[in-house]
Amino acid sequence: MVEEDEDESIDVLCNSTSSATLEDRASNNEVCIKFEGGKLSPGYRGSNFTASTASISECSSDQEEDSGTYDEELSVSSPYPMVLKSNMPLCQPCELNAHSPTHRFVVCADTQFGITKHNLDWDVEIQYSNMAIDLINEMNPRPAFVCVCGDLVDMEFSLERKKGSKSKFPSSLFNGETGIASREVCDAIQDEQNEDFKRIWTRLHPDIALVCLCGNHDVGNRPTPRSISRFRAAFGDEYLAFWVNGTYNIVVNNVLFINPSSAQRIYKTQLRWLEERLRYARDHDAKQIYVFGHHPWFLYDEDEEPESLTGASPCPPEWQSSSSTNQTFPDAYFSMPKKYRSQALELFQKYKVNACFSGHFHQNLISKTRWGMDMIITAPLSVVFDSTGKEVDREKKSRLSRRKMTFESEEAMLFDSYSSDPEEPNCRGVRIVDVEVNDSAVTSSFSHWFVSL
């Protein structure tokens, strides 16, 4: 279902090599995120767009060296970073150490400027983002950060090109008579959407940091060095990690786990980095470890295969008047290939990741691995889907629960009840996550709930 982009198959190394180990480099840097005036200060490996001044924080010299090499090899015409740096002094105490019994963060997903009207305009998505920002700004206690889990905008050249003559753009915007949208036009529209996203999200309260992930509509279904470079130019690093109040937060570009064929070295480099960061978090007694990515690592079951996913989401109401009324979106499209998924899940189990947060599915869904990690998918701030597979999954879990009641202990029954998919409204909104930080990772915990717009 996910077609490949034949003309973009070059591959480059995304980071420079260094004699220092990741642990050595981490010990030389302040491996923590600082929240002051909405600034996102250095975590390990770089920076990200932030809310209050559309700025990128100062990197260490080591991080700047990596970033420069990466951009040079990706043939970026402008120096990194592309937006103004922040000179905000680092706040104390270091976030590596817990300094409060609780903190809060918010997860949003799929702001996807342009999706409703097929990139002709994105006024409705701007409205939804403004509503979410108003809701977040009024929260008490105030969140430490907001993470937008990818698909910040809708336009992406390789995806638009696949539409061919079905593209919603006037024929004058096509390249000759081929019926294929031009790269120049698509890139220009994506750039405009990116700028509007940053303009709107600078309304976020200056005390709240904003972390932006890339999704397939930001870098394509098969990311390339060029598409990743464009995202970095607009928003900063596509993978990074940071401490908040003794908890470790890892942001990944897991679009690469869908199809890394055009960016194999970047994929392998990120995978090595991911294990190093997980090991580092455990070595430094992280109270909780959270991973953020656009794609769910799985929908209903960690061992699911495409053929086992029989559900589908019908065409949403916003598109009912178009020629695609009968179009459906199979659950299998949203599931990650098992061979790549297993590489990540093995690491998550080994280093005891507490939860993964994602979007992409355009609806709420909560699942759990057999070993207890939560897979939390958050509904979008754009077009909402509603899969028939969720009801099938609920019935399956209900049968399993009844079977456990017959054959297993009360403890097992309680665990199964906890791991089942709770009912949540299927609509636009944001997810609030409250973290309770105690003396150890065992006694620390988190709770979360979805708030409708």
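Start at 1 with the first residue, then count along the sequence.
Pairing each heavy atom of Cys108 with each of Val146, the nearest pair is SG-CG1, 4.0 Å. Taking each heavy atom of Thr102 and Asn245 in turn, the nearest pair found is O-ND2, 3.8 Å. Nearest heavy atom pair, residue Gly150 against residue Asp218, reads C-OD2, 3.9 Å. Nearest heavy atom pair, residue Ile258 against residue Pro337, reads O-CG, 3.5 Å. Closest non-hydrogen pair, Cys149 versus Val107, comes out as SG-CG1, 3.8 Å. When all heavy atoms of Leu381 and Gly429 are compared, the pair lying nearest together is CD2-O, 3.4 Å.
Rounded to the nearest 0.5 angstrom, Leu345 CG and Phe298 CZ are separated by 6.5 Å. Atom-to-atom distance recorded for Thr269:OG1 and Gln264:CD is 10.5 Å, nearest 0.5 angstrom. Here the CG atom belonging to Asp123 is positioned 10.0 Å from the CZ atom belonging to Phe113, to the nearest 0.5 angstrom. In this structure, OG1 on Thr247 lies 8.0 Å from CZ on Phe242, to the nearest 0.5 angstrom. A distance of 10.5 Å separates CZ of Phe450 from CD1 of Ile432, quoted to the nearest 0.5 Å. Within the model, atoms CZ of Phe235 and SG of Cys212 stand 5.5 Å from one another, a figure rounded to the nearest 0.5 Å.
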Step by step, would you call Arg230 with Asn194 a side chain to side chain donor-acceptor pair (under 3.5 Å)?
CA-CA 10 Å; Arg230 281 182 54 78; Asn194 285 340; over 6 Å; no
Trace of the ring-ring contact (aromatic ring centres under 6.0 Å, His included) decision for Phe348 with Trp297:
CA-CA 11 Å; Phe348 297 163; Trp297 299 99; 5.3 Å; yes
Could you walk me through whether Phe157 and Leu159 satisfy the side chain to side chain contact (heavy atoms under 4.5 Å, CB included) test, starting with their C-alpha distance in whole Å, then the side-chain angles of each, then the deciding distance to 0.1 Å, before giving a yes or no?
CA-CA 5 Å; Phe157 167 67; Leu159 298 177; over 6 Å; no
Side chain to side chain contact (heavy atoms under 4.5 Å, CB included) evaluation trace for Ile366 with His448:
CA-CA 11 Å; Ile366 302 168; His448 64 95; 3.4 Å; yes
Could you check Leu213 against Val148 for side chain to side chain contact (heavy atoms under 4.5 Å, CB included), going step by step and ending with a plain yes or no?
CA-CA 6 Å; Leu213 280 64; Val148 184; over 6 Å; no
As a quick check of understanding, evaluate side chain to side chain donor-acceptor pair (under 3.5 Å) for Asn137 and His205, giving each step before the final call.
CA-CA 6 Å; Asn137 284 345; His205 192 282; 5.8 Å; no
Decide yes or no on side chain to side chain donor-acceptor pair (under 3.5 Å) for Tyr300 and Asp331, but give the supporting numbers first.
CA-CA 10 Å; Tyr300 309 105; Asp331 284 357; 2.8 Å; yes
Between Tyr239 and Ile250, is a side chain to side chain contact (heavy atoms under 4.5 Å, CB included) present by the stated rule, with each step listed?
CA-CA 8 Å; Tyr239 62 93; Ile250 301 176; over 6 Å; no
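No hydrogens or angles considered: nothing links the side chains of Ser313 and Asp386 as a donor-acceptor pair under 3.5 Å. Inspection of the Glu125 and Thr116 side chains reveals an N or O donor paired with an N or O acceptor under 3.5 Å. Using a 3.5 Å distance cut-off with no hydrogens or angles, the side chains of Gln190 and Asn119 do not pair a donor with an acceptor. Side-chain N/O atoms of Asn216 and His294 include a donor and acceptor closer than 3.5 Å. If you check the side chains of Tyr248 and Glu95, you find no donor sitting under 3.5 Å from an acceptor. For the residue pair Asn249/Trp243, the side-chain donor-acceptor check at 3.5 Å is not satisfied. Inspection of the Ser129 and Trp201 side chains reveals an N or O donor paired with an N or O acceptor under 3.5 Å. There is no side-chain donor-acceptor pair under 3.5 Å between Tyr340 and Asn259. Remark: the Asp154 side chain and the Gln112 side chain contain an N/O donor-acceptor pair separated by less than 3.5 Å.
In this structure a side-chain-to-backbone donor-acceptor pair under 3.5 Å is missing from Ser229 to Pro225. No side-chain donor-acceptor contact under 3.5 Å links Asp110 to the backbone of Asp151. Under the 3.5 Å distance criterion, the side-chain polar atoms of Lys198 are matched with a main-chain donor or acceptor of Ala234. Of the possible polar contacts, none joining the Glu276 side chain to the Leu274 backbone as a donor-acceptor pair under 3.5 Å is found. Side chain of Asp434 to backbone of Arg104: no donor-acceptor contact under 3.5 angstrom is found. Of the possible polar contacts, one joining the Gln363 side chain to the Ser387 backbone as a donor-acceptor pair under 3.5 Å is found. At distances below 3.5 Å, at least one donor-acceptor pair connects side-chain atoms of Thr111 with backbone N or O atoms of Leu152. Between the side chain of Ser227 and the main chain of Val219, a donor-acceptor pair closer than 3.5 Å is present. A distance-only check finds a donor-acceptor pair linking the side chain of Glu302 to the backbone of Arg370 [under 3.5 Å]. Remark: the backbone N or O of Val383 is paired with a side-chain donor or acceptor of His362 at under 3.5 angstrom.
Between Asp303 and Arg341 there is no salt bridge, since none of the side-chain N atoms of the basic residue sits less than 4.0 Å from a carboxylate O of the acidic one. By the 4.0 Å N-to-carboxylate-O rule, Lys338 lies too far from Glu304 to be salt-bridged with it. Lys390 has no carboxylate O lying under 4.0 Å from a charged side-chain N of Asp393, or vice versa, which leaves the two without a salt bridge. Taking 4.0 Å as the cut-off between side-chain N and carboxylate O, Asp134 and Arg203 count as a salt-bridged pair.
Between Phe329 and Tyr333, the distance from one ring center to the other does not fall under 6.0 angstrom.
For the pair Ile136/Pro143, a side-chain contact is recorded, criterion being any heavy-atom separation below 4.5 Å from C-beta on. Contact of the Val433 side chain with the Val435 side chain is registered, since non-hydrogen atoms from C-beta on lie closer than 4.5 Å. Residues Met139 and Val430 have side chains in contact (heavy-atom distance under 4.5 Å, counting atoms from C-beta outward). Contact annotation: the side chain of Thr369 never approaches that of Gln349 to less than 4.5 Å [non-hydrogen atoms, C-beta and beyond]. Side-chain contact check for Arg431 versus Val106: every heavy-atom pair is 4.5 Å or farther apart. Counting heavy atoms from C-beta outward, His217 and Met155 have side chains that stay 4.5 Å or more apart. Considering only heavy atoms from C-beta on, Val437 comes within 4.5 Å of His103 through its side chain. With contacts defined as side-chain heavy-atom distances shorter than 4.5 Å, the pair Met375/Val291 does not qualify.
Tyr128 carries Arg428 over the face of its six-membered ring, with the cationic atom under 6.0 Å from the centre and within 45° of the normal.
Using a 30° and 60° split on the angle between ring planes, Tyr290 and Phe292 fall in the perpendicular class, above 60°.
Applying the side chain to side chain donor-acceptor pair (under 3.5 Å) test between Tyr351 and each of Glu275, Arg282, Arg277 identifies Glu275 as the sole match.
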